[in-house]
Amino acid sequence: MIRTTGAWARASSRRTAQNGHAYPRNPNNASGNATHFDFVAQRASHTHVLRRYNATKPPGQKAPATATTIPGPSWLWLEPVIEPFRAYGRVQQRKPYLTQLVSSLVIYFVGDLVAQSIAAPEEKEVVEEEEEEEEEERGWVQQWSEDRDWARTGRALVIGGLSSIPSYKWFLWLSMNFNYSSKILSLTTKVVVNQILFTPIFNSYFFGMQTLLAGASFDEIVERIKNTVPTSWINSCKLWPAITAFSFTYIPIQYRSIFGGVIAIGWQTYLSLLNQRAAAQENIEQDGTAKHIPATVAVQEREERRSEKEKCAA
C-alpha cells in the first residue's frame, strides 16, 4: 500500500504541473483550480519580470555580458609577433637538439656578417681606395658578396655548430641544479657558476678554434687566447649576469635559447671584432719583428768584422 504522505505529495505535484504554481494566486479560490484572474495575474507578473530584467541597473552594478557587447582594447594585435615564438617553443619541445643546432648556425652567421660590416675605419679606407674604379661596374649584390670573407664565415659556422649542443646541455643542467629554498641564493649561485666556469671555457674555445681553423700554430693559439680571453671575460661580466638572471627568472625553459640567441647575435659580433683586432695586432708585431731581423743581422756582421780586424792587427 502507498503511504498517505506519498499520495498527497504526488497529487500536489500533479496539481502544480497543471496549474503552473503550487498555491492558488487568488486567496478566495481555495479549490486549487486556475481561474481567469489567475492567468491574468500570471501574465502580468511575467511581463513585469522581463521589464525589470531589461531595466537599467543601479549605479555600482555591471550590466550582464551579452553577445552584442563591443569588445574593448586587447592584445590581439600582438598575435602576429607572438605566434612565431610559440611555434619555436613547440618545435623546441619536439626536437630540442635540431632546434639548437639550427639556431646556433643562424646566430653565428648573422653575427659574423654584422662583424664584417662593422669593420675598422682604416680597413674600410684601404678597401675603398683599392676598389673605387670597380664599384661602378659591379652591382650591389655582387659587391656585397665579394666584400665578404666567406672563409671566416665558414669558421664561425663550424664553431657555432660544434658548441650548440654542449651549450644547451650546460644551461639545462644549470637550470636543474642549485635550486635552494631561497630564490635569491639559487639565482646568485647559478650566475656565479656560469661566469666562473662556462664563460672563460667558451671564450677560450671560440678564440682558439678561430685561430686553429685559420691555420695557426699551437704557440699562436696560446698567444691569441692570452690576448682575448681576459678582455672578453671582463666585458661579459657587464652584460651576461643580468641576462642570465632575467632568463632564469622570467623566461620559460623552451624559450630561453631564443631569448639568449637574440642577445648572442650582438655578443658574437663583439667576439668576432675582438678576434680580428687581436689578429691584426699580432700581424703588426710579426711585421715589426721581421723588419728588425735584418738590422740585427747587419749589426752582428759588423761586430764580427771588427773582431777579425782587431785579431789581424794584433
Side-chain angles (χ1 to χ4, degrees), residues 100 103-105 107-120 122-123 149 151-174 178 188-248 256-257 259-289:
Q100 290 300 316
S103 301
S104 297
L105 293 178
I107 290 168
Y108 278 78
F109 179 77
V110 175
D112 185 76
L113 291 184
V114 174
Q116 292 189 38
S117 300
I118 310 174
E122 298 178 357
E123 297 177 0
D149 187 358
R152 172 180 163 182
T153 305
R155 292 195 296 268
L157 292 177
V158 171
I159 294 170
L162 293 177
S163 63
S164 59
I165 305 303
S167 300
Y168 171 72
K169 298 290 288 185
W170 164 260
F171 283 101
L172 190 62
W173 176 84
L174 195 62
F178 307 107
T188 304
T189 305
K190 292 179 181 182
V191 171
V192 171
V193 170
N194 186 69
Q195 285 298 121
I196 293 177
L197 296 180
F198 178 78
T199 302
I201 293 175
F202 176 80
N203 291 352
S204 300
Y205 159 78
F206 178 84
F207 294 113
M209 286 294 294
Q210 284 280 7
T211 313
L212 178 64
L213 295 176
S217 62
F218 179 77
D219 295 335
E220 292 174 346
I221 294 174
V222 174
E223 187 68 20
R224 179 71 59 83
I225 292 175
K226 289 181 180 179
N227 295 334
T228 54
V229 171
T231 304
S232 63
W233 186 83
I234 292 173
N235 291 328
S236 69
C237 293
K238 302 175 184 178
L239 173 67
W240 284 108
I243 300 299
T244 304
F246 184 86
S247 177
F248 280 112
R256 288 175 186 171
S257 58
F259 171 75
V262 175
I263 309 299
I265 291 176
W267 181 248
Q268 293 302 324
T269 303
Y270 163 74
L271 293 181
S272 298
L273 289 174
L274 183 61
N275 182 69
Q276 289 303 114
R277 291 175 183 175
Q281 186 66 27
E282 292 172 2
N283 293 333
I284 292 173
E285 293 177 357
Q286 290 177 0
D287 293 340
T289 305

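By convention here, the first residue in the shown sequence is residue 1. Because the structure is predicted, anything quoted here is derived from the model rather than measured.
- Looking only at side-chain heavy atoms (C-beta outward), P166 and W170 stay at 4.5 Å or farther from each other.
- By the side-chain hydrogen bond (donor to acceptor under 3.5 Å, both in side chains) test, Y270 pairs with N235, sequence neighbours left out.
- For S247 (side chain) and T244 (main-chain N/O), no donor-acceptor pair under 3.5 Å exists by modelled atom type.
- Partners of R152 by salt bridge (charged side-chain N to carboxylate O under 4.0 Å, His left out), not counting sequence neighbours, listed by chain and number: D112.
- Of all heavy-atom pairs spanning A115 and L273, the tightest one is O-CD2, 3.5 Å.
- Ring geometry, Y108 versus F206: the interplanar angle falls from 30° to 60°, so the pair is classed tilted.
- Pairing each heavy atom of L274 with each of S232, the nearest pair is CD2-CB, 3.9 Å.
- A distance-only check finds no donor-acceptor pair linking the side chain of Q268 to the backbone of I107 [under 3.5 Å].
- Looking at residues two or more places apart in sequence or on another chain, you find a side-chain hydrogen bond (donor to acceptor under 3.5 Å, both in side chains) between N275 and R224.
- A tilted orientation is assigned to the rings of F248 and F171, their planes being inclined by 30° to 60°.
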task = Any chance you could lay out the side-chain contact (heavy atoms from CB on, under 4.5 Å) test for R155 and Q210, step after step, and finish with the verdict?
result = CA-CA 7 Å; R155 292 195 296 268; Q210 284 280 7; 3.6 Å; yes

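- The aromatic rings of F202 and F198 lie parallel to each other, their planes meeting at an angle below 30°, with 60° marking the opposite boundary.
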